[in-house]
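I have placed the structure first, in the form of structure tokens, so that the comments after it can refer back to it.
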2 protein chains.
Amino acid sequence: MNTKARAIEEKICPLEFAVNAISGKWKIPIVWQINQGHKRPSEMLKGIMKVDRRVLNQQLKELEQDGVLYKVNYNELPPKVEYHLTSLGEQLVEVLWKLNAWGETLLKQKETNK
Amino acid sequence: MNTKARAIEEKICPLEFAVNAISGKWKIPIVWQINQGHKRPSEMLKGIMKVDRRVLNQQLKELEQDGVLYKVNYNELPPKVEYHLTSLGEQLVEVLWKLNAWGETLLKQKETNK
DNA sequence: CATAAAAGTGACTTTTTTATCCCTATGGGG
DNA sequence: CCCCATAGGGATAAAAAAGTCACTTTTATG
């Protein structure tokens, strides 16, 4: 049995798992921002993301727990921390590029159907 | 400027667009189910998805509006309709396989960290 | 004549997710 | 001294999403 057939028999679990990990309004934007080099929370907030600190922290924590990010605490004052992509996080970015490409197709189609 | 760099300058729009289109608890499961041949709402409900008819219809409608699905109404009685994947929907399935593969990696890692 | 099958929706409730506000801690600049 | 930046969390409010229930339509079946 090939991979696809097996996955279907096993009732979509890995996909469900993946979706759970990236569900959250700001999770994909966060991963995207970090991938662009905005690793400090304060940097992310100065960027395009209009998200509250509280909420940002929640989502960062979940991404960390899922192994997508890891945190580096410099133990300085004023505080300085950085969030980096793990290997898993970098693999996610590759998937996000595919999704981005699909989004481009989606946009093109919307324009066509105007 | 290459595609990636341009996308970054344009502030992630296509990705945001894509995420919007698939956001919804049952949208990915629906696309998945249809891809497996369960095209009628009643079939989907008999499957693994414990979703209410009301909610199923809402999400089907949105997927249809976004051009991921198209609906075939047989105009029979009792009613018979089918939802099929559009070309865009089939392209989405390809992305979902990538996401599924990422989910497998995620699962493996969870098991390792037990 | 009651019931089932099938797709669909309006009105409403519950649950989940996000957002807001205020608090902590610490050292430096004015 | 007071305020700033910086990261973080508790309590709570608001918004969004999902779920529930009751109803419709039409034909066939018992």
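Between chain B and DNA chain C, the heavy-atom contact criterion of under 4.0 Å yields a 5' to 3' nucleotide range of C/dA5 to C/dA11.
One cannot find a donor-acceptor pair under 3.5 Å joining the base of D/dG8 and the side-chain atoms of A/R54.
B/K25 has a side-chain polar atom (N or O) that falls below the 4.0 Å cut-off from OP1 or OP2 of D/dG19. The phosphate of D/dA7 (OP1 or OP2) has a side-chain N or O of A/S42 nearer than 4.0 angstrom.
A donor-acceptor distance shorter than 3.5 angstrom exists from the side chain of B/E43 to the backbone of B/K39, with no hydrogens or angles considered. Panel note: side chain A/Q33, backbone A/H38; no donor-acceptor pair is recorded below 3.5 Å.
Across all strands, B/V81 comes closer than 4.0 Å only to sugar-phosphate atoms, never to a base (heavy-atom distances). Using a 4.0 Å heavy-atom distance criterion, A/Y83 is classed as a sugar-phosphate-only contact.
Between A/Q59 and B/R53, it is B/R53 whose nearest contact on DNA chain C lies nearer the 5' terminus. Taking the nucleotide of DNA chain D with the nearest heavy atom to each of A/E43 and A/Q58, the more 5' of the two is matched to A/E43.
Counting only residues at least two apart or in different chains, side chain to side chain donor-acceptor pair (under 3.5 Å) contacts with residues 60-72 of chain B comprise A/K110-B/D66, B/K27-B/E62.
In this entry the distance linking NZ of A/K61 with C1' of D/dA7 reads 12 Å, nearest Å. Rounded to whole angstrom, the span from the CG atom of B/L56 across to the P atom of D/dT20 amounts to 14 Å. Note: NZ (B/K27) to C1' (D/dA17) measures 11 Å, nearest angstrom. For A/E76 and D/dC4, the CD to P distance is 22 Å, given to the nearest whole Å. Whole-Å rounding puts the B/L45 CG to D/dT20 P distance at 12 Å. When the C1' atom of D/dG10 is taken as reference, atom CG of A/D52 falls 13 Å away, rounded to whole Å.
Across all their heavy atoms, B/V93 and B/W32 have their closest contact at O-CZ3, 4.4 Å. B/V31 approaches B/L85 most closely through the heavy-atom pair CG1-CD2, 3.9 Å.
In this structure the side chain of A/L69 reaches within 4.5 angstrom of the side chain of A/I34, judged on heavy atoms.
For B/W102 and B/W97, the ring centers are positioned 6.0 Å apart or more.
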